[in-house]
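Below is one structure; the comments refer to it alone.
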Amino acid sequence: MKSTGYFYKKRTNMENSKYEVLVFDIEYKLFIPLIIFYDEQKSRLAESTLRSYLNALLPFFTWLDKYSNYHGKGVKWDSEVDPVRHAVDTYLKSELNCSIIFKDNYATVKKTVNSPSSFHQFFSAIKSFYMTMIRKNLYPYKINPLVDLHTKLDDEFMQTGVREGKPRLPAVAGTEEPIKQSHRRSTDSYFKVLNEDWIPVVIADRDLPYQVYQAGDSVGWSLREKVIARLLFETGARASEIITMTIGDYRQRRDKLEAQVIDKGSRKVRRKFIRFTDDTLILLKRYVNTERKEIDSLGLTFDQLPDSTAIFLTQRNTALTHNSWYRHWNKAMKQEGLSLNPHKARHWYVTNRMRLIKETTQSEGQLAQKMAELVVYMAWRSGEEMLNVYEHFFTVEEAVKSIDVFTENMKKQEEEYLKKRGSKKKKMKKNQVATVKIPSFVMSDIQEDKDIADLFEELENIK
């Protein structure tokens, strides 16, 4: 008997396997390459990203077994480079509805309105899959079929800038003419996606956090959900970074208003810190000492819990996962008619940090400094290079001051919002969150604010 397609399941504690995820082909046999791929990448990628990669690859390998054809023969995952490229090309056109044009040494790909949302995940996943197979000596031809070997990537930071003897400043500094790049130079992929520049989403509504808090109240959020929501907006961290925090992550930082988190892409190294308000700290400790204590079989308080303990628990006394938490978030958003996924809180944070920077800086030099501080705090992958460029005036203390100005401003806005709601004495209308795509146009008081657009374009698109 055959299955309808490749599938996976998580290993249970009762199963004797060192692998966390087991993948099966259409004949219910273990598919070792994807099992090894998942195991190899789990230390490199966030769990949610890796899971999306796996879900994007499973249909491809199913299709490969059932329908692939190259010169009258089926294509295997470990076939030579040309058959694999042909199979990927056919899959892109027949299953993902892409338009493809072949050049001398590469192919350009353009998605259509009928291309699925998994389009991007598939490209990243299949390229990463073959990189892993080559690294593990499992792909016999040693050449990644998804890589254009003729591409020569430019390194912007290695090129000479306007300052004699100094490296080129990044484009976000605004002091040097940016290097013009085409898709041909900016990616080494064999299949190069056209017209797919990342367009950042800017959240223009200053009151958005307080609308979310109100939505939570309307569906009876517990303290756990309230604390996580506040941390999302106050820190700009990803939901996964917050949800996976341990007691030790909080204790590692000297400041009581800070915690250490695992940054996406840091191979599970806690190299990023977040900073929040004292009000949120009070709620966090209250959650641990009340709701969490009742669930915890040991009944320990905040000060008694060991460092390795997860801060946020499910009702079954297990560590909270993103999927378990998201159900509560989604229920609240639907209740209040808010079209908002959790990652928009991160966009809101960056947008409003930038808006405050624009409102309070007095010079171009100070603006560049504050931008650099934001880059390092957000732990964008270019953060280390940015820190080296600005090290002559950047300090952690200055970054903390910038964050504190922002969070203090948030507290004042929340007080104003609550007063405004109290005076109206009526329920807020259900509405869509005010968003705008940059750089096409910008709303209200951030209209024509190209600095915000530039910051997003240069940094968030390398997320």
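Side chains are part of it too, since the values below use all heavy atoms of this structure and drop only hydrogens, waters and symmetry mates. Worth saying up front: this structure is predicted, and the values here are computed from it rather than measured.
Annotation: F312 is in aromatic contact with Y287 [ring centroid separation under 6.0 Å].
With a 4.5 Å cut-off on side-chain heavy atoms, S52 and N55 do not count as touching. When side chains are defined from C-beta on, L92 counts as touching F122, because their heavy atoms get closer than 4.5 Å. No side-chain heavy atom of V261 sits less than 4.5 Å from a side-chain heavy atom of D249. Between N323 and Y326, every side-chain heavy-atom pair lies at or beyond the 4.5 Å cut-off. Taking the side chain as every heavy atom from C-beta outward, R346 and Y349 never approach each other to under 4.5 Å. The side-chain heavy atoms of Q335 and K331, taken from C-beta on, include no pair separated by under 4.5 Å.
Around the CD atom of Q304, the shell of radius 6.0 Å holds more than 12 heavy atoms that belong to other residues, nucleotides or ligands.
For the pair N341 (side chain) and K344 (backbone), a donor-acceptor distance under 3.5 Å is present. The backbone N or O of N97 lies less than 3.5 Å from a partner atom in the side chain of T112, making a donor-acceptor pair.
By the salt bridge (charged side-chain N to carboxylate O under 4.0 Å, His left out) test, R316 pairs with no residue at all, sequence neighbours left out. Scored by the salt bridge (charged side-chain N to carboxylate O under 4.0 Å, His left out) test, R292 finds D296 as partners (sequence neighbours excluded). K285 is linked by a salt bridge (charged side-chain N to carboxylate O under 4.0 Å, His left out) to nothing, counting only residues two or more places apart in sequence or in another chain. For E225, the salt bridge (charged side-chain N to carboxylate O under 4.0 Å, His left out) criterion is met by no residue, not counting sequence neighbours. Partners of F129 by ring pair (Phe, Tyr, Trp, His ring centres under 6.0 Å), not counting sequence neighbours, listed by chain and number: F37, F61, W77. Remark: F7 pairs with S3, F24, Y28 by the side chain to side chain contact (heavy atoms under 4.5 Å, CB included) rule, at least two apart or across chains.
For the pair R230 and F276, the cation-pi criterion (under 6.0 Å, within 45° of the ring axis) is not fulfilled.
The aromatic rings of W329 and W325 sit tilted, their planes meeting at an angle between 30° and 60°.
Screening T132, L54, L57, V23 against Y38 for a side chain to side chain contact (heavy atoms under 4.5 Å, CB included) leaves a single residue, L54.
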